[in-house]
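The figures here come from the full heavy-atom set of this structure, side chains too, leaving out hydrogens, waters and symmetry mates.
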Amino acid sequence: MATVTRVTDGVYSSFYDYDAVNSCLVEQYHNGRSVQPAENANTKASLLGTFTGEHSERNIIISNAGGLKKLSLSDGQAETLKTLYMKTGEAVPTFSVHGKTEYKLSGYYTQSEGGDQILDANGRGIPNATISRNTVFDENGKWKYQNDLTLYAHWAKIYAIYYSFGEIGISYSGYNDGVLPTSASAGDTVNFVVTVPDGYEIDSVTVSTDSGDYVDVIKNNGYYSFIMPDLEVSINVTAKRKSTYPGGGASTPKKEDKPAKNPFVDVKATDFFYDAVLWAAENGITSGVDATHFAPSAKTSRAQMITFLWRMAGSPVFEDDDIKFADIKSTDYFYNAVVWGWNMGIVSGKSETKFAPDDDVSRGEAVTFIYRYAKVAGGDLSNPFTDLKAGEFYYYPVLWAANNEITSGTTATTFSPSEDCTRGQIVTFLYRYNNKYN
């Protein structure tokens, strides 16, 4: 308790103690007689202000003997968040302040920008904090400063964290407390745990900003961590089936192989897909819909897409064909392709029991299949597309494909990831990939 004195016309005096815990004044003596403070009266006051209730006319001042110093906490601009009164040897009383939208409190400093930190984000005094060699808090975080003091709140902007869940049921959780971090401030350490379904293993874990820059990810014992940059980030995880790749099949298609002549009347030399279609036909990746038509503008199914990719990989046959899709049969032309793609982590089903082979494949899905096949991650990836949002399963595959000239988008600024992918587009993607990496 710190003693304060009421001073009026000198006829009588009252003495008060300041209760730091309850932030109030308690009247202890009146004209030399000990009194009990009335309930809900006389007790609430602001030092350097006036009482409420029946004593509203009595002015209150701090006596020199009390040793109280005024500690003002500013929001860093013009608003005062809290005013406290400190006595030598006291810790900062518990208090709370309102926050700023999209920001978190970093602590209280001697200047609105920069300066020395005196209080942490929880309002605790920093042990041995000093101002111009004058100690503010001692080694135990107890007040020692001999002057009134104004401190300024420093705020750190909070940035969102997005997670890509893919198609196979990847899940995330927080480390230790299980709470998944969905936002953080620059400099914060973000920890997270990745879980993949039974029969799968993690293939890659990447974190990148909207600008396409990659953030270093540390693999720890049972969890991953990274330092939050001053931008929003997306976490992307790829997984693959636990299986031994037996290889086999035909050789990889030759680079830029083309047949001697064009058998398709609907494919002209001026078409962007001309070389790609001839290359795909010559190397057995796909034939036409009949002997003279390729149907380059026709939609492509999920079964056709994985079959094209499988043939480009050499048509490998997996011994482990234990997949549980009820909508594919061993007699289907795409059966071995789906088994291969599923075991390699390139495709998954629309559910645990449904592959949906006849569903149209979108542009986003198509480049994702190729991206997973390539198993390429890393590098600086810029995003030229306004319709490509971080957090979508195809976000990194599309950036990878665009930055490696496998696709250029439907326009300079749009990729149209949800549009159906045509036969002409798909063989062009595969042709460009093959020329770059094979």
Side-chain angles (χ1 to χ4, degrees), residues 1-7 15-26 28 44-50 59-159 184-190 225 227-230:
M1 292 287 189
T3 302
V4 295
T5 306
R6 174 186 55 79
V7 178
F15 294 88
Y16 298 83
D17 281 336
Y18 175 64
D19 184 344
V21 175
N22 297 304
S23 299
C24 67
L25 294 172
V26 181
Q28 299 296 334
K44 298 293 182 182
S46 172
L47 286 172
L48 306 181
T50 60
N59 297 317
I60 305 301
I61 64 171
I62 301 174
S63 79
N64 292 333
L68 291 175
K69 300 302 177 184
K70 184 179 180 182
L71 176 59
S72 300
L73 305 180
S74 168
D75 69 349
Q77 297 176 356
E79 182 180 351
T80 298
L81 297 174
K82 191 75 174 177
T83 300
L84 304 169
Y85 295 89
M86 302 301 301
K87 182 180 181 182
T88 300
E90 290 183 337
V92 178
T94 301
F95 66 91
S96 62
V97 299
H98 63 78
K100 292 176 66 175
T101 303
E102 297 182 354
Y103 288 82
K104 77 170 185 178
L105 183 64
S106 298
Y108 297 90
Y109 292 73
T110 54
Q111 299 176 26
S112 58
E113 294 184 8
D116 298 318
Q117 186 175 9
I118 305 300
L119 298 178
D120 65 18
N122 296 310
R124 292 186 293 261
I126 305 295
N128 297 316
T130 60
I131 299 177
S132 300
R133 298 184 180 180
N134 295 313
T135 302
V136 181
F137 292 100
D138 63 19
E139 64 276 6
N140 297 314
K142 306 294 185 181
W143 180 267
K144 289 190 65 175
Y145 202 57
Q146 297 303 308
N147 298 298
D148 293 344
L149 179 62
T150 298
L151 297 177
Y152 302 89
H154 283 199
W155 307 90
K157 185 171 175 57
I158 298 173
Y159 297 96
S185 297
D188 288 350
T189 298
V190 179
S225 62
I227 303 300
M228 188 72 178
D230 56 352

Is the side chain of His154 donor-acceptor paired with the backbone N or O of Leu105 at a distance under 3.5 Å, no angle test? no
Quick test of your reading: applying ring pair (Phe, Tyr, Trp, His ring centres under 6.0 Å), list the pairs with at least one residue in residues 115-140, sequence neighbours left out, ordered by first then second residue. Phe137-Trp143
Holding to salt bridge (charged side-chain N to carboxylate O under 4.0 Å, His left out), I want the full list of residues that pass it with Asp188, two or more places apart in sequence or in another chain. Lys104
Between the CH2 atom in Trp155 and the OG atom in Ser185, the distance rounded to the nearest 0.5 Å is 11.5 Å
Step by step, would you call Tyr145 with Thr135 a side chain to side chain contact (heavy atoms under 4.5 Å, CB included)? CA-CA 6 Å; Tyr145 202 57; Thr135 302; over 6 Å; no
Which value, rounded to the nearest 0.5 Å, describes the distance between Leu151 atom CG and Tyr109 atom OH? 11.0 Å
Could you grab the distance from atom CG of Leu119 to atom OH of Tyr152, nearest 0.5 Å is fine? 13.5 Å
For the student: nearest non-hydrogen atoms of Ala153 and Leu81, plus distance: CB-CD1, 4.1 Å
Provide the closest heavy-atom pair for Ser106 versus Gln117 in the form atom of the first, atom of the second, distance. O-NE2, 3.6 Å
Rounded at 0.5 Å granularity, tell me how far CG in Asn134 sits from NZ in Lys144. 10.5 Å
Would Thr80 and Ser74 count as a side chain to side chain contact (heavy atoms under 4.5 Å, CB included) if you check the C-alpha gap in whole Å, the side-chain angles of each, and the deciding distance to 0.1 Å? CA-CA 4 Å; Thr80 298; Ser74 168; 5.5 Å; no
Which atom pair, heavy atoms only, marks the closest approach of Leu84 to Pro93? CD2-CG, 4.1 Å
Check against side chain to side chain contact (heavy atoms under 4.5 Å, CB included), Lys82 and Leu71: CA-CA 8 Å; Lys82 191 75 174 177; Leu71 176 59; over 6 Å; no
Output every pair passing salt bridge (Lys or Arg N to Asp or Glu O under 4.0 Å) with a member in residues 111-130, not counting sequence neighbours, ordered by first then second residue. Asp120-Arg124
For the residue pair Lys87 and Tyr85, would you count it as a cation-pi contact if the rule is NZ or CZ under 6.0 angstrom from the ring centre and within 45 degrees of the ring axis? no
Once you round to the nearest 0.5 Å, how far does CG of Asp148 lie from CE of Met86? 12.0 Å
Where do Ile131 and Asn147 land on the side chain to side chain contact (heavy atoms under 4.5 Å, CB included) test, with the steps shown first? CA-CA 11 Å; Ile131 299 177; Asn147 298 298; over 6 Å; no
Do other residues, nucleotides or ligands put more than 12 heavy atoms under 6.0 Å from the CD atom of Glu102? no
From Ile118 atom CD1 to Thr130 atom OG1, the distance as rounded to the nearest 0.5 Å: 7.0 Å
